[in-house]
Amino acid sequence: MDPSLIRKTGRRAMVIGISTFVMPLVLNLVLALILKKSLTMDPNLHKSLLWVASFQSNSSFHSIVCLLAELKLLNSELGRLAISSSMISGTCSWLWTTIVFTIKQSTEGKKEAVLLMFISVACLFIFVGFILQPMMLWMVRQTAHEKAVKESYVNAVFIMVLGCCLFGEILGQHFLFGPIILGMAVPDGPPLGSALINKLDCFVSSILLPLHFVFSGARIDLSLIHCRNVGIVEILALSAYLGKVIGTMLPSLYCKMPPADALCLGIIMSTQGIMDILILGGASQFQLIDQESYCIMVLSAAFFTGTISPIVKFLYQPSRRYIPYKRRTIQHARPNAELCMLACIYHQDHTPSIINLLQATNSSLQGPLFLYVVHLVELSGRAVPALIAHHPGRREPCQSDPIINAFRLYEKQNQGNVMVYPLTVISPYATVHDDVCALAADKMVSMVILPFHNLWTNHGAEGSNAVRAVNRNILRMAPCSVGILVDRYTMRYGSNRMLESKPFFTIGVIFLGGQDDREALAYASRMAKHPNVGLTVVRLVESGRQCRYSTDMDQDMEMIKEFRVDNINNARSDFQEEVVKDSVGLVTVIQKIENSFDLILVGRRHPSDSPLLMGLTEWNEYPELGFIADMLASSDATCKVPVLVVQQQSYVCEGMVDIPKHLNEDPSTVKVWPIS
């Protein structure tokens, strides 16, 4: 948790957070007073009823973040608002609990001890903020240019943790009180925060945390529970649950949030988890609540939290925010107009390849290129995802600096023709595609460029399954066209101005037909207008074929005709037609031409039942590239030139475009959305 984000939360999140804390607390305390006066109950329950009402109204930032991570909603619009609001409500709940525990501990001795206890707690805050935090910031500065945090630094933080535990116990607080304050002072993210996560997460999450839940469950004695007391405590539990939902919904609806989203947010904000169980354990230890109430409250928290996840999954679909209602493709863009693209970077080694590809895109004063460069960083060492826009003139250093500087230089070299907007997205790889797709929809880009997950080095290919999963998710959900750039080393290790360093840059398009090949040809046609680019379109035609998909083939013929007419006087453009009868002939032709160009463009999806592709499906190493590109990019391929695999926008609304049924795509994975 980054406490500085509390100051940056908007007014809406602030109001929602405070309301989520105050509403259930007031409602539960009033209801508890009414129940104490109107009902006869067990003396122990009567004594602890106000505390039961109070602790059931608490909410926890940690529990809400864990739920959002489980539901893969951390970087959704609703998730971001829930995180900001839970910081406020969780901080209020934590301060309230600290005050209650402090007063309870101090009143067991002398009354004068209350002031001394609060002074001691303030001293702990000062010690952590002014001594321990500067030490950790010094560790971060010392590690800025190193690959890993020194082991001695990590051990020093562990000693700080043990010291804060001891100090918290001496104060009479829960032993976690000190480490929680220390944890908020630890610089989030790499290098120190992520190093601590790597050291502790597996051991804590897989061993210590399950053991703690076992011990907490072992403390539950069902023989102590009586039906009448269950009814009273559950009335308060339901009241707290409804209070949190209503306290969240009212300000959300006032801020013009859709009712369904407001309800989902209220349900998420009512989540309880490990921190709530720890607080209940401390309350039981300090005898604020009796053992029977503790057992009922733990079971109640487990029940309510267990029902939240399926309800939210049913009600909220984060992908709806980037449902396209317009064609976002290069083929359907206005000719000779501005082109808006989004390039994703996983590693700085991908930068030269992307820049060299964009140089061939033919930006000009009449048709400038608006480029959004997004550095995708995996969330580590912090709980909150972030979207950072890097404006010119900023001073604070970050891990994206080498990438930003390279694209700023590219923009400067093409001043007036190219506008670059660099961003950094810090998010879990499991859901980072939501950020990319939302940006693409918000900025109305025509194509997203992705680097292939394999990175070729002198030692062979190094692949990342996490990056591969991100690429596949973007292919499936993107509201525009997508291109995957497969570059073994030609564009990556060449000059950053490769197009100008060559006397002639040749581009080849392998055209079988279909919407993806048409999009590849549309992009290549724009490139062909560059004075230093030569374009060759190789159309592969099945010998003696009969027209089975007349509409799609008519569009192919129209596209080819348009290309030939536009380039009839262009000596740098060429059109070739190769007649093949089966997959053997297709492979032979591709192997003959694959190293004849500096760049190859090919569509991703083709009819899987075509005789030209028979047998190729059996050894498809990278399905996300399609049959043709897989031949060019597989581990045993002889192709040495970069390949751009193009997929035309397919995540569309019903009625906006028809998706050809013969495309090599599982129909269950293609969502067609009706226009509301």
Side-chain angles (χ1 to χ4, degrees), residues 1-2 5-6 8-29 31 53-97 236-280 297 300-318 383-385:
M1 179 178 176
D2 184 3
L5 293 177
I6 295 177
K8 301 175 184 177
T9 55
R11 184 179 301 176
R12 180 173 63 166
M14 182 74 70
V15 172
I16 291 174
I18 294 174
S19 177
T20 305
F21 169 72
V22 172
M23 178 74 76
L25 181 63
V26 172
L27 188 62
N28 254 25
L29 289 177
L31 184 59
S54 172
F55 291 123
Q56 283 186 329
S57 305
N58 285 347
S59 60
S60 165
F61 167 79
H62 176 271
S63 303
I64 291 172
V65 167
C66 287
L67 175 69
L68 292 172
E70 178 189 341
L71 296 175
K72 298 181 179 180
L73 295 177
L74 272 178
N75 52 352
S76 66
E77 185 178 0
L78 190 70
R80 294 182 189 277
L81 180 58
I83 289 172
S84 301
S85 303
S86 65
M87 280 189 181
I88 306 299
S89 63
T91 301
C92 293
S93 298
W94 184 64
L95 290 175
W96 169 254
T97 303
L236 293 176
L238 183 61
S239 170
Y241 185 85
L242 293 176
K244 291 176 184 177
V245 173
I246 295 172
T248 303
M249 287 189 67
L250 289 180
S252 300
L253 293 173
Y254 179 78
C255 295
K256 311 300 183 183
M257 183 182 288
D261 289 359
L263 176 60
C264 285
L265 181 61
I267 294 172
I268 290 172
M269 293 293 291
S270 62
T271 304
Q272 292 183 306
I274 179 66
M275 291 301 298
D276 303 278
I277 302 300
L278 287 170
I279 290 173
L280 292 179
M297 292 170 74
S300 175
F303 172 77
F304 280 111
T305 302
T307 60
I308 287 175
S309 181
I311 293 175
V312 175
K313 282 183 179 179
F314 176 76
L315 291 177
Y316 187 70
Q317 296 293 332
V384 182

Going by heavy atoms in the side chains, are [X] and [Y] under 4.5 Å from each other?
X	Y	result
Tyr241	Ile267	yes
Thr248	Ser85	no
Ile83	Pro385	yes

First locate atom [atom1] of [X], then atom [atom2] of [Y], and finally report the distance between them rounded to the nearest 0.5 Å.
X	Y	atom1	atom2	answer
Phe61	Ser84	CZ	OG	9.0 Å
Thr97	Phe55	OG1	CZ	6.0 Å
Tyr316	Leu73	OH	CG	7.0 Å
Arg12	Leu81	CZ	CG	4.5 Å
Leu67	Ser309	CG	OG	6.0 Å
Ile308	Gln272	CD1	CD	8.0 Å

Nearest heavy-atom pair of [X] and [Y]: which atoms, and what distance?
X	Y	value
Gln56	Lys244	O-NZ, 3.5 Å
Asn28	Ala53	ND2-O, 3.1 Å
Met269	Ala82	SD-O, 3.8 Å
Val312	Cys264	CG2-O, 4.5 Å
Ser59	Ser93	N-OG, 3.2 Å
Ala237	Ser300	CB-OG, 3.3 Å

Start with the C-alpha gap between Leu25 and Ser54, add the side-chain angles, then the distance that decides, and say whether side-chain contact (heavy atoms from CB on, under 4.5 Å) holds. CA-CA 6 Å; Leu25 181 63; Ser54 172; 4.1 Å; yes

(message) Give me each pair satisfying salt bridge (Lys or Arg N to Asp or Glu O under 4.0 Å) with a member in residues 82-94, each pair once, sequence neighbours excluded.
(response)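 For residues 82-94, and leaving out neighbouring residues, there are no salt bridge (Lys or Arg N to Asp or Glu O under 4.0 Å) pairs at all.
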
Practice prompt. Just grab all the salt bridge (Lys or Arg N to Asp or Glu O under 4.0 Å) pairs involving residues 68-95, residues at least two apart or on different chains.
Written response: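 As it turns out, the salt bridge (Lys or Arg N to Asp or Glu O under 4.0 Å) pairs with a partner in residues 68-95, which skip direct neighbours, are Arg80-Asp435.
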
Residues Ser252, Ile16; criterion side-chain contact (heavy atoms from CB on, under 4.5 Å); working and verdict
CA-CA 7 Å; Ser252 300; Ile16 291 174; 3.4 Å; yes

Checking [X] side chain against [Y] main chain: does a donor-acceptor pair fall under 3.5 Å?
X	Y	result
Thr305	Ala302	no
Thr271	Ile268	yes
Ser19	Gly247	yes

| field | Ser57 vs Trp96, side-chain contact (heavy atoms from CB on, under 4.5 Å): CA-CA, chis, key distance, verdict | value | CA-CA 11 Å; Ser57 305; Trp96 169 254; over 6 Å; no

*Test side-chain contact (heavy atoms from CB on, under 4.5 Å) applied to Ile246 and Leu250, step by step*: CA-CA 6 Å; Ile246 295 172; Leu250 289 180; 3.8 Å; yes

